[in-house]
Colleague: 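Before anything else, here's the structure in question.
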Amino acid sequence: LRYAFIRMNRLLHGIRTDFHDIDDTDQLVIKCSRPGAEYIGHHKLYELDYHTFRYDGEIDVAAFARSEPARLRYLARELLEQMSSAEKIFVVQRTDPPLTQGEVMPLLLELKEKNPKAALLYVTALGPDFPELHARVELCGRGLYHGYLRSLAPPNDAYKCDVEGWTAICSTVVRSL
C-alpha cells in the first residue's frame, strides 16, 4: 500500500485486523478528477486514498474497478508479510500537520510486535526555518528514526519529491541498521 494516504488510526486498525474487508467492493471508489488525469482509489472503511498509476483514456474503468479489490488484498497481504520479515524500512510522512513522535509510537509498537527488528522512519518537512537539518536523520529509539526534508511532495503529485533528500535519509537509516 505504497503512495497512499491513510490516517494513522485507520492504518493501525488495518494492521490489527489484517486489513479485513480491504477487498470489499462496496467500500471502494475509483475516481478521476479531470480528463486525462490519474484515477485515484478511495477505500471508505479505511479512509485510504491511493495512487492507481492508471490514467483516464488508457484503461477500461469498469474492468479496472472489478480487479482492484483483489489487488488491494494482495498489497495488504504483502505489507503484513513485509512487517513480519523486517527486510524493509517502513516509512510514514504527513505534510500538514507534521507527524509527531507520539503519533508514530503506536505504529512502531505494532511493527515490533510483528518483528522485534522492525525499523520505522517518519519524515517531516522543515520549511524554511531549519535548512541545516535537511536530509538529516535522528535516531529516536531502537528502530525509530526521524528524517527531515525541506519539503514533502504535494499529496496530489507524488512525483515532485526531493529524490536527493530521500536518498540521503534512507541511506543513513540503512547504514545504521
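Throughout, residue positions are numbered sequentially from 1 according to the sequence presented. Since this is a predicted model, take the numbers as computed values, not measurements.
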Colleague: For Thr52, is there any backbone N or O sitting under 3.5 Å from a side-chain donor or acceptor partner on Arg54?
Modeller: yes
Colleague: Using a 3.5 Å distance criterion without hydrogens, assess whether the side chain of Glu138 forms a donor-acceptor pair with backbone atoms of His146.
Modeller: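 Side chain of Glu138 to backbone of His146, a donor-acceptor pair under 3.5 Å: no, none is there.
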Colleague: When you measure from the side chain of Asn115 to the backbone N and O of Ser84, does any donor-acceptor pair fall under 3.5 Å?
Modeller: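 Between the backbone of Ser84 and the side chain of Asn115 there is a qualifying donor-acceptor contact (under 3.5 Å).
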Colleague: Does atom CZ of Arg136 have more than 12 heavy-atom neighbours from other groups under 6.0 Å away?
Modeller: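 Open.
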Colleague: Check this for me: does any side-chain nitrogen of one of Arg16 and Glu110 sit under 4.0 Å from a carboxylate oxygen of the other?
Modeller: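 Looking at Glu110 together with Arg16, the answer is yes, because their closest N to O distance falls below 4.0 Å.
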Colleague: Would you call His42 and Leu28 a side-chain contact if the rule is heavy atoms closer than 4.5 Å?
Modeller: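 SC-SC contact between His42 and Leu28 ruled out.
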Colleague: Give a yes or no answer on whether the side chain of Glu103 reaches the backbone of Thr100 with a donor-acceptor pair at less than 3.5 Å.
Modeller: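 Pair found, side chain donor or acceptor close to backbone of Thr100.
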Colleague: Spell out, as yes or no, whether a donor-acceptor pair under 3.5 Å connects the side chain of Ser171 to the backbone of Ala168.
Modeller: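 The answer is no, because no donor-acceptor pair under 3.5 Å joins these two groups.
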Colleague: Side chains of Asp23 and Tyr74, heavy atoms from C-beta outward: is any pair under 4.5 Å?
Modeller: no
Colleague: Assess whether atom CD of Glu164 is packed by more than 12 heavy atoms of other residues, nucleotides or ligands within 6.0 Å.
Modeller: no
Colleague: Check for a donor-acceptor pair, side chain of Lys44 on one end and backbone N or O of Asp26 on the other, with a separation under 3.5 Å.
Modeller: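 Confirmed, Lys44 side chain pairs with Asp26 backbone.
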Colleague: What is the distance from atom NZ of Lys112 to atom NZ of Lys117, rounded to the nearest 0.5 Å?
Modeller: 10.5 Å
Colleague: Contact between Tyr122 and Leu144 at the side-chain level, heavy atoms closer than 4.5 Å - yes or no?
Modeller: yes
Colleague: Any non-hydrogen side-chain atom of Leu177 less than 4.5 Å from a side-chain atom of Tyr145?
Modeller: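 SC-SC contact between Leu177 and Tyr145 confirmed.
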Colleague: Whether the side chain of Gln27 engages the backbone of His43 through a donor-acceptor N/O pair (distance < 3.5 Å, no angle test) should be reported.
Modeller: no
Colleague: If we only count heavy atoms from C-beta on, is the Lys31 to Tyr39 side-chain gap below 4.5 Å?
Modeller: no
Colleague: Less than 6.0 Å separating the ring centroids of Tyr148 and His134?
Modeller: no
Colleague: Output yes when a side-chain donor or acceptor of Asp18 lies under 3.5 Å from a complementary backbone atom of His20, and no otherwise.
Modeller: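 Absent.
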Colleague: Donor-acceptor pair, Arg94 side chain versus Pro97 backbone, under 3.5 Å?
Modeller: yes
Colleague: Same cluster or not: are Leu11 and Val123 linked, directly or through other Ile, Leu, Val, Met, Phe, Trp or Tyr residues, by side-chain heavy atoms under 4.5 angstrom apart?
Modeller: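 Hydrophobic grouping puts Leu11 apart from Val123.
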Colleague: Taking Leu120 as the fixed residue, which of Leu109, Val92, Ile89, Val173 is the one that meets the side chain to side chain contact (heavy atoms under 4.5 Å, CB included) rule?
Modeller: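 Exactly one pass, corresponding to Val92.
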Colleague: Taking Arg73 for its side chain and Phe19 for its backbone only, find out whether a donor-acceptor pair lies under 3.5 Å.
Modeller: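 A pair under 3.5 Å: yes.
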Colleague: Should Leu121 and Leu108 be regarded as members of a common hydrophobic cluster, given that ILVMFWY residues are connected when their side-chain heavy atoms come within less than 4.5 Å of each other, either directly or indirectly?
Modeller: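 Leu121 and Leu108: separate clusters.
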Colleague: Determine whether Gln93 and Thr124 make a side-chain contact, defined as any pair of heavy atoms from C-beta on separated by less than 4.5 Å.
Modeller: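 Side-chain contact under 4.5 Å: no.
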Colleague: Considering only heavy atoms from C-beta outward, does the side chain of Arg150 approach that of Asp162 to under 4.5 Å?
Modeller: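 Of all side-chain heavy-atom pairs linking Asp162 with Arg150, at least one is under 4.5 Å.
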Colleague: Is it true that atom CZ of Phe130 has more than 12 heavy atoms of other residues, nucleotides or ligands lying nearer than 6.0 Å?
Modeller: no
Colleague: Distance from Leu48 atom CG to Leu72 atom CG, nearest 0.5 Å?
Modeller: 7.0 Å
Colleague: Going by heavy atoms in the side chains, are Ile6 and Glu47 under 4.5 Å from each other?
Modeller: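 Ile6 does not reach Glu47 side chain to side chain.
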